[in-house]
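In what follows, a single structure is set out as structure tokens and then discussed.
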Amino acid sequence: AFMSGIIGRFFIQFGLTVVYATIFALIVSYTIVPMLSARLIRPQAQERDGAACGWFAGLCRKWDGFYDALSKRYRHVLGRFLDRRRWPLLGTALIFVGAILLFGFVGGEFMPRIDQNIVVITLELPPGTSIERTREAAALVEEVLVSRPEVEGTIVKIGGQQRGVEDADIIAQLVPPERRSLHATELVNVLRPALAGIPDADIRLSTETSFSGGGDADFQIEVLSSNQRALESVADSVYRIVRGISGLVEVQTSQEAGKPEIAVTPRRHDLAERGLSASAMGGLMRAAYEGLEAGTYREKGEEYEIWVKFAAADRADPAFIADMPVSTGEGSVPLSEVGDLVARSGDSQIQRKSKQRMITVNANIAAGSLSEMRARFDAELAELHVPRGVTVRHGGMAEAQDESFSSIFTALILAIVLLYIVMAAIMESFVHPVTIMLTLPLALIGVAVSLFFSGQSINIFSLMSVVMLTGIVVNNAILMLDYTAQLRRQGAKIKEALLEACSTRLRPIIMANLAIVVGMIPQIVGGAAGYEFRAPMAVVQIGGVVISAFFTLFIIPVAYTIIDRA
């Protein structure tokens, strides 16, 4: 609840909801539950021969017999673990190391890719392209989209938002997920080769999401420097590196050729001889091409502004600028006599960040995860000589990922510290809370295994579920060790106390963990809106709870004997 940044905005309501739900559940467990138990729990009705009546009682008897047999078997196996403590601990340590290595095969990203029933195609044609040519290219894209059964309709938008008529956005509305076999991200990978044949078109596809967190592209590299020449050189090298990385597509750089323009540089000496100034010449050109408001025409109560400028045919002819008449005290002279005209390409855009010029290299991820792409790029960048004064860093969603993961890990550390303080105060011991908190690394084994086999990634939702696990998985150890401490105070030896306490608490431990697992199953069922948000949290909860409970039943008692003796 105290995390800052974008991750704090995501999870403050989530954290407070869990806190208040837990507080009121505690109140209910101390008030309503005992009262209901007093009214509902009754001794089983028995006949004179001692047998319970009815089929339900027989079912309950078999169920209790199953738990009794399971408890006896568990007690026997646990006794063997306590007699051979070295091997269980060594085996668990090796499994934990393997789980940590398994995290390397689990992809990482800022946020899971969401299917919002939409695909956005960004179309860019060469600078100076007419709106008619852009409309034709957009129509070709539409033909490909409407031929797909997953597409319900399309919207085309040309230009706008400081973009020229050579740019267009085609938005494809998809049918609901239950009516198509492809996820939106899978459909994008299918559409890319189908759209690759459109001539002169630079095309990018994305499943637009309102939670993109820092950039339009999946992968973004920022190159910053105050030295323009070094900046462009390094940006070119970075662009080549990104293009060579397998899994990255639609690579683009902001260092693009600008739109064609004619720059007019006034010859101030010639202007002064004719009694003109540079500002006057600039005003003349503005009037010629943009126009001047000459007055207002009124007719039948309506007013119309009157603008005067050169004819459209003259304004469309680049050669006309050189012959544009400039009025002086001695008559009119061509513009070329008082100014130098140079045809060039203007800057398409100027980006600045941290008080430096910046060039970005963007790409989308067709295969793999953001963490995999970052690792590949960093390995290639390490071999590139980057001169002093030039900074190359990850931007966009990678930057948001770093910020969010750092905030979550801070919250995780704070949760562990607070958990230890609370347990140390309640148990009046600085040692045995450590035993209980050994369940946390055991839970990581379950997290790694569940993420790997479910195909989910490490993202802000799965990591937030790990933070939640710190308050859940310790409950199993608390149930066992608290009862163990009670038995030891009554005079039982440590081994007998552990065997009795663990076998007695086996049933509530199974009940509690089974309730968590069953409650999480609906969240991993796909198809409903927001499934991608919920699934990582449910997968982590189920894997962490089940695996941690299994190891807790056998490893925590062994660790308790060692730590208690120490």
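The structure presented is a predicted model; accordingly, all values stated were derived computationally and were not measured.
In this structure, Glu124 CD and Asp167 CG are separated by 5.0 Å, a value rounded to the nearest 0.5 Å. With rounding to the nearest 0.5 Å, the separation of CD in Glu250 from CG in Asn364 is 4.5 Å. Residue Leu440 holds its CG atom at 11.5 Å from CD1 of Ile472, rounded to the nearest 0.5 Å. In this structure, the separation between CG on Asn362 and OG1 on Thr253 is 8.0 Å, given to the nearest 0.5 Å. With rounding to the nearest 0.5 Å, the separation of CD1 in Ile542 from CD in Gln523 is 8.5 Å. The OH atom of Tyr74 lies 10.0 Å from the CZ atom of Phe81; values are rounded to the nearest 0.5 Å.
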Exercise for review: Could you check Phe219 against Val361 for side chain to side chain contact (heavy atoms under 4.5 Å, CB included), going step by step and ending with a plain yes or no?
Suggested key: CA-CA 8 Å; Phe219 184 82; Val361 179; over 6 Å; no
**Study point:** Full working for ring-ring contact (aromatic ring centres under 6.0 Å, His included) between Phe550 and Phe554
**Key:** CA-CA 7 Å; Phe550 176 79; Phe554 297 99; 5.6 Å; yes
Check your understanding: So Leu248 and Ile365, side chain to side chain contact (heavy atoms under 4.5 Å, CB included) or not? Walk me through it.
Key -> CA-CA 5 Å; Leu248 292 178; Ile365 300 174; 3.8 Å; yes
Practice item. Please step through side chain to side chain contact (heavy atoms under 4.5 Å, CB included) for the pair Arg374 and Gln401, ending with a clear verdict. Key: CA-CA 11 Å; Arg374 294 182 64 175; Gln401 182 187 38; 3.0 Å; yes
Practice item. Could you check Glu152 against Asn117 for side chain to side chain contact (heavy atoms under 4.5 Å, CB included), going step by step and ending with a plain yes or no? Key: CA-CA 10 Å; Glu152 192 171 41; Asn117 292 347; over 6 Å; no
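The minimum heavy-atom distance between Ser29 and Pro34, with the atom names listed, is O-CD, 3.3 Å. In this structure, Val242 and Ala363 approach most closely via the heavy-atom pair CG1-CB, 4.0 Å. Pairing each heavy atom of Ser369 with each of Gly107, the nearest pair is OG-CA, 3.2 Å. Here the closest heavy-atom approach between residue Met373 and residue Gly247 is recorded as SD-C, 4.3 Å. The two residues Thr439 and Thr552 make their nearest non-hydrogen contact at CG2-OG1, 3.5 Å. Scanning both residues, Ile359 and Gln351, for their nearest heavy atoms gives CA-OE1, 4.1 Å.
Listed by first and then second residue, the ring pair (Phe, Tyr, Trp, His ring centres under 6.0 Å) pairs involving residues 455-475 are Phe11-Phe461, Phe461-Phe533 (not counting sequence neighbours). Pairs of residues two or more places apart, or lying in two chains, that qualify as side chain to side chain donor-acceptor pair (under 3.5 Å) and include a residue from residues 475-487 are Asn476-Asn513, Asp482-Gln486. Contacts classified as ring pair (Phe, Tyr, Trp, His ring centres under 6.0 Å) and involving residues 430-452 (residues at least two apart or in different chains) are given here: His432-Tyr560.
At most 12 non-hydrogen atoms from other residues, nucleotides or ligands lie less than 6.0 angstrom from CZ of Phe453.
A donor-acceptor distance shorter than 3.5 angstrom exists from the side chain of Gln541 to the backbone of Ser465, with no hydrogens or angles considered. In this structure a side-chain-to-backbone donor-acceptor pair under 3.5 Å is missing from Thr435 to Ala559. Judged purely by atom type and a 3.5 angstrom limit, Ser354 has no side-chain atom pairing as donor or acceptor with the backbone of Gln356. Side-chain atoms of Ser407 never come within 3.5 Å of backbone atoms of Ser404 as a donor-acceptor pair (strictly under, hydrogens ignored). Looking only at distances, no side-chain donor or acceptor of Ser406 sits under 3.5 Å from a matching main-chain atom of Glu403. Side-chain atoms of Glu150 do not come within 3.5 Å of backbone N or O of Val175 as any donor-acceptor pair. Counting only distance, with no hydrogens or angles, the side chain of Ser548 and the backbone of Val545 share no donor-acceptor pair below 3.5 Å. Counting only distance, with no hydrogens or angles, the side chain of Glu186 and the backbone of His183 share a donor-acceptor pair below 3.5 Å.
The side-chain heavy atoms of Ile241 and Ile221, taken from C-beta on, include no pair separated by under 4.5 Å. A heavy-atom distance below 4.5 Å is found between the side chains of Leu481 and Leu498. Within the 4.5 Å cutoff, the side chain of Met480 has heavy atoms near those of the Leu553 side chain. Using a 4.5 Å heavy-atom threshold, the side chains of Ile170 and Leu123 count as touching. Residues Val558 and Thr92 form no side-chain contact, since every pair of their non-hydrogen atoms from C-beta on lies 4.5 Å or further apart. Between Tyr420 and Ile416, the closest side-chain pair of non-hydrogen atoms is not below 4.5 Å. Under the 4.5 Å side-chain criterion, counting only non-hydrogen atoms from C-beta, Arg9 is in contact with Ile12. Between Ile408 and Ile460, the closest side-chain pair of non-hydrogen atoms falls below 4.5 Å.
The existence of a salt bridge linking Asp564 and Arg488 is confirmed by a sub-4.0 Å separation between a basic side-chain nitrogen and an acidic carboxylate oxygen. Between Asp64 and Arg507 a salt bridge is recorded (basic side-chain N to carboxylate O distance below 4.0 Å). Salt bridge absent: Glu399 and Arg393 never bring a charged side-chain N and a carboxylate O closer than 4.0 Å.
Residues satisfying the side-chain contact (heavy atoms from CB on, under 4.5 Å) test with Ser71, not counting sequence neighbours, are Ser503, Leu506. By the salt bridge (Lys or Arg N to Asp or Glu O under 4.0 Å) test, Lys72 is found to be paired with no residue, residues two or more places apart in sequence or in another chain being considered. Residues satisfying the ring pair (Phe, Tyr, Trp, His ring centres under 6.0 Å) criterion with Trp87, sequence neighbours excluded, are absent altogether.
Using cut-offs of 30° and 60° for the angle between ring planes, the Phe409 and Phe405 rings count as perpendicular.
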